[in-house]
Amino acid sequence: MSSQNSPADQATAPPKNPDTAFFGQPKMLLNLFSVELWERFSFYGMQGILAYYMYYSITQGGLGIDQPTALGIVGAYGGGVYLSTILGAWVADRLMGSEKVLFYSAIMIMAGHLSLALVPGAAGLALGLILIGVGSGGLKANATALVGSLYAKDDNRRDAGFSIFYMGINIGGLIGPLATGWLQVTYGFHVGFAAAAVGMAFGLLQYGLTRKNLPQSAHEIPNPLPRAQYGKFIALAVGGVALVVVAVTLKLITAENLKWVIVAVVIVAAVAYFAVILANKTVTGLERSRVFSFIPLFLASAVFWSLFQQQFTVIALYSDQRLDRTILGWEIPASWVSSINPVFIIILAGVFAALWTKWGDRQPGTPVKFSVALVVMGLAYLSFIPFAGMAMVPMLAIVFILLLFTVAELMLSPVGLSLATKLAPAAFQTQMVALFFLSVALGTAMSGVLAQWYNPANETPYFLAIGLVSIAFGAALFLAKKPIKKLMAGVR
């Protein structure tokens, strides 16, 4: 194994006078923070009412889809969003660069929210979710990559910077469901979806005014696709779309099995992605070792997200049917429960960022942070068990459980985003971030799969199994921390 720095390491050597204008972080972090805030406002605002829109009856303004199918679609859609980060990352790395892909993806997202708001019935649902899913995939990986471009690989501010960026995500995640949830119960689902479109419009305006301030690397195409290969990839794209259309027409892909289709596609895509990166001749020995180290962390991330993303499947149903949401005589909208986690993120993200900054090189390595996240997540699910069988569960119970969700999330999610940019080979910068999002895609799709086994009348077996499996994965990862650290070759 080579001990020399990779090209990416050399290219991102820290400047002599690093930019510290934004609370010790680069100035442009504030701009990306704001853009992501409004995009997340629209995304979580829509997702907060999505399950209810599907399984509420037509007389309640919904589509009347049965609950297991509706929750499965929510999981499959979420998995599809993160799966589409592959496309967004590939287009950025080979065709347009991260900066342009983010801009056009934002336009697509806004169009998707407008479709949900203006086009009635299943047609509006399908068109809206496709546009938002593809657009969000393009935006997510590239926004993260742009944050990574603000730092050198060995800059100890990276994890803190990503934690601050993550706070922007969660401010949007807080106010989005509050706005759309209130509008939904007051004026109907379509007005709620329209508010999400307005939020995305603010994000698009913000980005349009600040995109010129990004570093030059944000505008570059890391691995340009040769013109001679354009025809081949256009043919592949057309063939892929045609294959999906045929599968839907022949009912090989249905609303009922969509979650399983997404899980299978994500697994195949992840295996193929790792194989392509590891086999690429431009990847050095040092870079290849780092990619190998990412495999167990990828699996741990997938397990984590399969539990965390149940906020929009099992916990959404739990909030609607099992939770006493009456406060001072007023029943709060069920979607407001999804704003509890962002409140804790906003409170604690700065604490975690300061902690990582203060500890510097003494902070726990990424494998340890991931293992702690899985154990805490398991404890969160075990915390549901004392309330099983109660007629109505008090709000304080879900507040405590979502506090545990938040602690686990801060130990894994911003750290994982930062890790993906640090472990990335030079030729796969944005695509390595997309690979991390593939773990999120797998976990999110599995949250829809797992939801079919949740039974409100007999909750204990479900929560016990989920909790113990997560704790077991966390313990296994902790025991494997030394060989993983060795493969990471100096990256923490």
Side-chain angles (χ1 to χ4, degrees), residues 47-48 51-52 55 66-76 78-79 259-260 263 299-325 334-341 344 370-413 439-440 442-478:
Q47 195 159 347
Y52 308 134
Y55 76 68
D66 66 273
Q67 287 180 2
T69 300
L71 298 183
I73 292 173
V74 172
K259 54 187 178 292
W260 286 110
V263 167
L299 296 174
S301 178
V303 172
F304 170 83
W305 290 109
S306 68
L307 276 67
F308 184 85
Q309 294 291 68
Q310 289 187 47
Q311 287 188 81
F312 303 106
T313 56
V314 170
I315 295 177
L317 180 61
Y318 192 92
S319 301
D320 187 35
Q321 300 184 355
R322 298 278 292 111
L323 204 59
D324 181 1
R325 293 179 279 108
S335 63
W336 283 23
V337 173
S338 61
S339 289
I340 295 174
N341 166 248
F344 285 130
F370 273 41
S371 64
V372 171
L374 288 172
V375 171
V376 173
M377 204 69 203
L379 293 175
Y381 273 80
L382 295 181
S383 298
F384 278 104
I385 294 175
F387 305 100
M390 291 181 63
M392 295 297 286
V393 179
M395 276 290 295
L396 282 178
I398 202 70
V399 169
F400 171 74
I401 290 168
L402 291 177
L403 172 60
L404 294 179
F405 270 52
T406 304
V407 172
E409 182 184 7
L410 285 170
M411 293 295 294
L412 185 143
S413 187
S439 72
V440 187
L442 180 56
T444 304
M446 282 301 300
S447 74
V449 170
L450 293 171
Q452 68 184 319
W453 291 305
Y454 170 66
N455 179 6
N458 186 23
E459 298 173 322
T460 299
Y462 182 83
F463 291 131
L464 180 63
I466 294 287
L468 292 179
V469 167
S470 184
I471 292 171
F473 267 92
L477 184 64
F478 182 81

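Both backbone and side-chain heavy atoms feed into the values below; hydrogens, waters and symmetry mates do not.
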Do you know which two heavy atoms are closest between S447 and T313, and how far apart they sit? O-OG1, 3.3 Å
By side chain to side chain donor-acceptor pair (under 3.5 Å) - contacts of S383 (at least two apart): none
Do the side chain of S371 and the main chain of A475 share a donor and acceptor less than 3.5 angstrom apart? no
Could you tell me the separation between the CG atom of L307 and the CD1 atom of I466, rounded to the nearest 0.5 Å? 5.5 Å
Can you tell if the side chain of L402 reaches within under 4.5 Å of the side chain of Q311, non-hydrogen atoms only? yes
Sequence-distant partners of Q452, side chain to side chain donor-acceptor pair (under 3.5 Å), two or more places apart: none
How far does CG of L396 sit from CG of L403, to the nearest 0.5 angstrom? 12.0 Å
If you round to the nearest 0.5 Å, how far is CD1 of I471 from CG of L382? 5.0 Å
Using a cut-off of 6.0 Å, state whether more than 12 heavy atoms not belonging to F387 lie near its atom CZ. yes
Over 60° means perpendicular and under 30° means parallel, so classify the ring planes of F384 and Y318, tilted if in between. perpendicular
Looking only at heavy atoms, the pair that brings A302 and L442 closest together is CB-CD2, 3.9 Å
L317 and Q67: side-chain contact (heavy atoms from CB on, under 4.5 Å), yes or no, with the steps? CA-CA 9 Å; L317 180 61; Q67 287 180 2; 3.5 Å; yes
Rounded to the nearest 0.5 angstrom, the CG-OG1 distance for N341 and T406 is 4.0 Å
Student check: side-chain heavy atoms of S413 and W305 closer than 4.5 Å: yes
Can you name the closest pair of heavy atoms from S439 and S301 and give their distance? OG-OG, 2.8 Å
Residue set satisfying side chain to side chain donor-acceptor pair (under 3.5 Å) with T444, at least two apart, ordered chain then number -> Q309
Looking at OH of Y462 and OH of Y381, how far apart are the two atoms once the value is rounded to the nearest 0.5 Å? 6.0 Å
Would you check if the side chain of S470 reaches a backbone N or O of G467 as a donor-acceptor pair within less than 3.5 Å? no
Please find the pair of heavy atoms, one from Q310 and one from L450, that lie closest to each other, and give the distance. NE2-CD1, 3.5 Å
Ring-plane angle category for F405 and F308, please: parallel below 30°, perpendicular beyond 60°, tilted otherwise. tilted
Those residues that, when tested against V399, pass side-chain contact (heavy atoms from CB on, under 4.5 Å) (two or more places apart): I340, F344
Side chains of D324 and M395 in contact at under 4.5 Å (non-hydrogen atoms): no
Is there side-chain contact between L464 and I385, with heavy atoms separated by less than 4.5 Å? yes
side-chain contact (heavy atoms from CB on, under 4.5 Å) partners for A316, two or more places apart: Y52
Any idea which heavy atoms bring V263 and A445 closest together, and the distance? CG2-CB, 3.6 Å
Locate the shortest heavy-atom distance separating T460 from A388; write the atom from each residue and the value. OG1-CB, 3.5 Å
Partner residues of R325 under the side chain to side chain donor-acceptor pair (under 3.5 Å) criterion, sequence neighbours left out: none
What is the distance from atom CD1 of I73 to atom NZ of K259, rounded to the nearest 0.5 Å? 8.5 Å
Between the main-chain N or O of M390 and the side-chain N or O of R322, is there a donor-acceptor pair closer than 3.5 Å? yes
